[in-house]
Amino acid sequence: MEVWAFGSMLWSDRPHDLDVPIAYNDRADLLALRDMGLWEVTAPTVDIIAMMPDEEYHYQFIEVTGALRLRPPA
């Protein structure tokens, strides 16, 4: 699973929200992460965008948004 960040959380000390795209291969890992519920009571809110690697490749989401990889470290 790769975790990325983009948007105002990369350049603002007070971001409106935290945009976190996740590229995953195993749906069970993604569901386990969701079930942890770590982001449900955060301020600012966390917006998770989950996609399979082929979806990310097709849309070039990481490149278009200028996302920074958080996990695994680059």
Side-chain angles (χ1 to χ4, degrees):
M1 185 178 311
E2 292 183 8
V3 179
W4 299 75
F6 75 98
S8 62
M9 71 183 287
L10 296 181
W11 50 265
S12 175
D13 290 336
R14 301 180 78 173
H16 173 55
D17 61 359
L18 307 176
D19 298 304
V20 181
I22 297 175
Y24 67 97
N25 288 309
D26 186 343
R27 186 170 185 267
D29 291 340
L30 182 66
L31 294 175
L33 180 65
R34 181 199 66 191
D35 291 344
M36 293 171 71
L38 301 174
W39 52 84
E40 293 177 1
V41 292
T42 63
T45 60
V46 177
D47 294 329
I48 294 180
I49 301 102
M51 63 192 86
M52 299 289 290
D54 60 331
E55 293 175 298
E56 192 289 317
Y57 178 79
H58 176 76
Y59 293 106
Q60 297 294 299
F61 190 87
I62 301 304
E63 182 179 338
V64 169
T65 61
L68 174 68
R69 184 167 52 184
L70 302 175
R71 181 187 180 273

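- Taking every heavy atom of both residues into account, P53 and Y24 meet most closely at CD-O, 3.1 Å.
- For the atom pair CE of M51 and CD of E2, the computed distance is 10.5 Å after rounding to the nearest 0.5 Å.
- Here the closest heavy-atom approach between residue M9 and residue L18 is recorded as CB-CD2, 3.7 Å.
- Here NE2 of H16 is found 6.5 Å from OG1 of T45. Values are rounded to the nearest 0.5 Å.
- Residues L70 and V64 are members of separate hydrophobic clusters, defined by side-chain heavy-atom contacts under 4.5 angstrom among Ile, Leu, Val, Met, Phe, Trp and Tyr.
- Distance CG/D26 to CG/L31: 9.0 Å, rounded to 0.5 Å.
- For E63, the CD atom is loosely surrounded, since the number of other residues' heavy atoms within 6.0 Å does not exceed 12.
- Taken to the nearest 0.5 Å, the CG atom of L30 stands 6.0 Å off from the CD1 atom of I22.
- We find the CG-CG distance between L68 and L10 to be 6.0 Å, quoted to the nearest 0.5 Å.
- Residues V20 and Y59 do not share a hydrophobic cluster, defined by chaining ILVMFWY side chains whose heavy atoms lie under 4.5 Å apart.
- Here L33 contributes atom CG and I48 contributes atom CD1; the two are 5.5 Å apart, rounded to the nearest 0.5 Å.
- Within the 3.5 Å criterion, the main-chain N or O of I62 finds a donor-acceptor partner in the side chain of E56.
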